[in-house]
**Q** 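Okay, handing you the structure first.
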Amino acid sequence: MKRLGIAILNYLVDRTHALEEPGALYGISWEEQETRELACFIREATRELERRRADGTWASAPSTTVRITQGLRVFIGEEELRLRPMAKTVLLLFLRHPEGIPLKRIADYREELSAYYRKLSRSLEPGAIDRSIERILDCFSNDLNVNISRVNAAVRTLVADASAYQIAGAHGASKRIPLDRTLVLWE
């Protein structure tokens, strides 16, 4: 969609030099003629985008690997993805579950979340770690959504087409990272 917007802007910039009345001979105003031409351009661009999506030429599949070290450092390509411990915990959980996780069922993953967070947390107090896990699992808290947003924002800083590397899903449906799991390497 972003490319369509850029193409439309380029079209408009190219047309600014033609400020004469293009439809004067046909009894229509310049604005109406420009509107018709722009609508035609948008239709053609939309058809082209649909054709490219249908035949797979719209975008190549992501090929940058995600590598998770034994120390739970996460690398996308050669760049390390720097996250707060809880955000990284959420990322690791979603990387382990390619089928996706319904957020309303996040409590089913308590043990796995706790295991990751205990390895990543800088806190030495077990009570603080447990409270953090409880906040993530609390359906009345926004902590899980905040950490998903942090993961997605960090991924966008490293990857140009980040959609395959981000945690996403429709409202009420399972959230998942759509990346092909052959590109995820656990050391």
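This one's a predicted model, so the numbers in the text were calculated from it and none came from an experiment.
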**Q** Is it true that the NZ or CZ of Arg96 lies under 6.0 Å from the centre of Trp186's six-membered ring and within 45 degrees of the ring axis?
**A**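 Yes, a cation-pi geometry.
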
**Q** Are Leu72 and Val66 in one and the same hydrophobic cluster, where Ile, Leu, Val, Met, Phe, Trp and Tyr link if side-chain heavy atoms are under 4.5 Å apart?
**A**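 Same cluster: Leu72 reaches Val66 through Ile, Leu, Val, Met, Phe, Trp or Tyr contacts under 4.5 Å.
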
**Q** Tell me whether Arg105 is salt-bridged to Asp108, with the criterion being a basic N under 4.0 Å from an acidic carboxylate O.
**A**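 Salt bridge present between Arg105 and Asp108.
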
**Q** Hey, is the main chain of Ile101 close enough, under 3.5 Å, to the side chain of Lys175 for a donor-acceptor pair?
**A**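 The answer is no, because no donor-acceptor pair under 3.5 Å joins these two groups.
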
**Q** Surrounding CZ of Arg181 (heavy atoms of other residues, nucleotides or ligands, distance under 6.0 Å), is the total greater than 12?
**A**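 Atom CZ in Arg181 is crowded, with more than 12 foreign heavy atoms closer than 6.0 Å.
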
**Q** Quick one, Arg110 and Leu137 - any side-chain contact, counting heavy atoms below 4.5 Å?
**A**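 Counting from C-beta outward, Arg110 and Leu137 do come under 4.5 Å.
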
**Q** Is any side-chain heavy atom of Leu95 closer than 4.5 Å to one of Ile68?
**A**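 Yes; the side chains approach each other to less than 4.5 Å.
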
**Q** Charged N to carboxylate O under 4.0 angstrom, Arg131 versus Glu125?
**A**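 The answer is yes: the pair qualifies as a salt bridge.
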
**Q** Going by an N to O cut-off under 4.0 Å, is there a salt bridge joining Arg118 and Asp130?
**A**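 A salt bridge is present here (some side-chain N lies under 4.0 Å from a carboxylate O).
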
**Q** How close do Val155 and Leu81 get, counting heavy atoms only, and between which atoms?
**A**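 The answer is N-CD1, 3.8 Å.
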
**Q** Can you tell me how far apart CD1 (Ile167) and CG (Leu103) are? Round to the nearest 0.5 Å.
**A**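 Reported to 0.5 Å precision, the distance equals 9.0 Å.
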
**Q** Report the distance from atom NE2 of His97 to atom CD1 of Ile177, rounding to the nearest 0.5 Å.
**A**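 Between atom NE2 of His97 and atom CD1 of Ile177 there are 11.0 Å.
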
**Q** Do Glu187 and Arg67 sit within salt-bridge range, that is, some charged N less than 4.0 Å from a carboxylate O?
**A**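 Between Arg67 and Glu187 there is a salt bridge, with a charged N closer than 4.0 Å to a carboxylate O.
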
